[in-house]
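Please read all numbers here as calculations on a predicted model, not as lab measurements. Position 1 is the first residue of the sequence, and the numbers go up from there. In each ligand, atom 1 is the first atom listed, and ligand 1 is the first ligand listed. The figures here come from the full heavy-atom set of this structure, side chains too, leaving out hydrogens, waters and symmetry mates.
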Amino acid sequence: MCGIIGYFGKRNAAEILVDGLRRMEYRGYDSAGIACLNDGRIGLVKNAGKIKGLRERVDASEQAELLHATLGLGHTRWATHGAPNEINAHPHLDASGHFVMAHNGIIENYKSIKEGLAKHGIKCVSETDSEALVQLIAYCYNGNLEKAVSEALKKVKGTYGIVVMTDHEPGKLVAARCGSPIVIGIGNNETVVASDASAIIPHTRDALYLEDYDMAVITADGVQMFDLQHAPVSRDVTEMDWDSDAAEKGDYAHFMLKEIFEQPDAIRNAIRGRLDFDMGTSILSGLDFSPRDAAQIGRVLVVGCGTSMNAGMVGEYAIEEMAGIPAEVEQAAEFRYRNPIVTPHDLVVAISQSGETADTLAAVREAKHKGAVVAGLCNVVGSTIARETGRGVYLHAGPEIGVASTKAFTCQVAVMLMMALKLGRGRRMTRHEGEKISRWIERLPELIEKVLAQDETIKAVAQKYADHENAFFIGRGYLYPVALEGALKLKEISYIHAEGYHAAELKHGPIALLSENTPVVALLNNIPGKEKSIGNAEECKARKAPVIAVVSEGDEAAAEGFNDMIVVPDCPPCIAPIPTVVALQLLSYHIAAARGCEIDQPRNLAKSVTVE
Ligand code: F6R
């Protein structure tokens, strides 16, 4: 969703800010702006639309404040309150024009703040909740910016990540957070503050992560941290492990395609050093259960949203199969609001690529409150979910920039398999069985490479179906979550209406929709239930629906009589989701490309969903 950047140093701030905003484009946005402070004056430029447009306006600007400043802040906005236009775009100025701020999150009591300010003759010009906050900060100002910020924040209900500055104190940036991430990159004689590590890694790897209710004051003397009562707080500087090339597209047409092709390496990183073939188990140091602790786990609850929830469903099946522990996956918002039954013997696993998804974070807090042991499975190091869970496993997939999640899904599944293996070996699984599964996990990069080698074949299939407006994906067992994920991928990037269904469920209603215009992607891999799924695909064919059969290598006969075939490596059921989903990612990608869609930034979507 929205992105924030701030810079204080010796270089040209406008350039660094616009480049930082470009690096955060993937999060999804509809307008952007920067403000710079030079010679005691604030320069501001905003643009409804793409960063390219903002850059052109900055380049064409005659404001010396913008062109020569070494201090400034910027923002990409994903509209919540008010249309995506220039007035509503951030940064927002207060009525006096002396204070400027960028805000992520939602100020829930903005109406009453605006009403209160109006009584003092202060009028807001935008429809946003955010403007109320900068006006309030200006109203609270009494010669010290950080004091005004903390006074104002004490009156706020909601969530915020903010960066603010004033021309009354031209050598200072103040940042604060509650529920919306803020990271501070400590460079050589410069400081970059952002809501997203991708905007910081080109400048420095040393980062300070703000906790809720922390405030950072950035000056030429460095960074000082306080709580809202002005008591100093201390946070450790940690090293970010992503390099800046990983956040560039290189020769690929889209980040999504790059990330699909990165999956063999991403999985290698996710499993490196984590498999113990001798003992037939996995070593997940962040999940430091002793076998005795593992034996106490009565149930595993997996919570997440979207793609992460689909990966969690594969995990649910694997944990039940390998460890014999009852497992359930639940949409995180549902878990949070329906007052779930959680016991101290439950292990709650929160899955989130970004580690910032509002509903998943809320589910983590609810589970902790109810006394469960909570573990995080995140990609972004130092993200809120990773920090609040305290224990868990990082994916090490590298930055995922494409809005449609690809490598995070396959790494999430790989990590869930290793978690199931560890729990299984602590219980009923034999060393021999454990070793067999470990060897298959080790082979995942090779299995993915085999699918990637068929890119052209899959592209040819995709081009045949690019003009359809509806599609179904069906599967059973371990391939049911893959059908859900395949449909999600197709709908989000190609805007084709796609539904993932259990193969057996189709005839309980949705089959009414089938016609020659409704292709069905049938997952007919060689796993238990295959024959029944073939029968379900035949039922689709009998209703004239074109069937694209996904089958295992060596079992091509399973595709006989269907319209098209995609072949994936033959492997055990728990392994099959990974190579199979890669084929579906390519299928969706090529369909979306043939339709000319904006693949990396699909309409209405945001990479990190930090509002409920
Ligand atoms: C789909 C997609 C989303 C995310 C979901 C959760 O391609 O990316 O469905 O999976 O918004 O995000 P994280 O994993 O960051 O919690």
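Ligand-side atoms of ligand 1 in range of Glu492: 1 (C), 7 (O), range being under 4.0 angstrom from any heavy atom. Against a heavy-atom cut-off of under 4.0 Å, Ser352 is close to the following atoms of ligand 1: 13 (P), 14 (O), 15 (O), 16 (O). The Val403 neighbourhood of ligand 1 comprises atoms 7 (O), 8 (O), with distances under 4.0 Å to a heavy atom of that residue. Which parts of ligand 1 touch Ala404 is read off a 4.0 Å heavy-atom cut-off, strictly below it: atoms 7 (O). Of all atoms in ligand 1, listed by their number and element, those nearer than 4.0 Å to a heavy atom of Gln353 are 13 (P), 14 (O), 15 (O), 16 (O).
A salt bridge links Arg299 to Glu328: one of the charged nitrogens lies within less than 4.0 Å of a carboxylate oxygen. Under the 4.0 Å criterion applied to side-chain N and carboxylate O atoms, Arg23 and Asp19 are assigned as salt-bridge partners. Taking 4.0 Å as the cut-off between side-chain N and carboxylate O, Arg476 and Glu505 do not count as a salt-bridged pair.
Nearest protein heavy-atom neighbour of atom 12 (O) of ligand 1: Thr357 OG1, 3.4 Å. Nearest non-hydrogen protein atom to atom 10 (O) of ligand 1 is Thr307 N, 3.1 Å. What sits closest to atom 5 (C) of ligand 1 on the protein, heavy atoms only, is Cys305 O, 3.5 Å. Of all protein heavy atoms, the one lying nearest to atom 14 (O) of ligand 1 is Ser308 OG, 2.5 Å. The shortest contact between atom 11 (O) of ligand 1 and any protein heavy atom is with Val609 CG2, 4.0 Å.
In this structure, CD in Glu316 is found 10.0 Å from CG in Leu301, a value given to the nearest 0.5 Å. Atom CD1 of residue Ile385 and atom SG of residue Cys378 lie 5.0 Å apart, to the nearest 0.5 angstrom. Within the model, atoms OG1 of Thr410 and CD of Gln263 stand 3.5 Å from one another, a figure rounded to the nearest 0.5 Å.
Among the atoms of Ser354, some N or O lies under 3.5 angstrom from an N or O of ligand 1. Between Lys489 and ligand 1, a contact under 3.5 Å exists for at least one N or O pair.
Ligand 1 lies nowhere less than 4.0 angstrom from a heavy atom belonging to Ile385.
Annotation: cation-pi pair Arg595/Tyr495 absent, no NZ/CZ under 6.0 Å from the ring centroid and within 45° of its normal.
Defined by atom type and a distance below 3.5 Å, a donor-acceptor pair is missing between the side-chain atoms of Ser383 and Glu356. A donor and an acceptor atom, one from each side chain of Thr389 and Lys368, are nowhere located under 3.5 Å apart.
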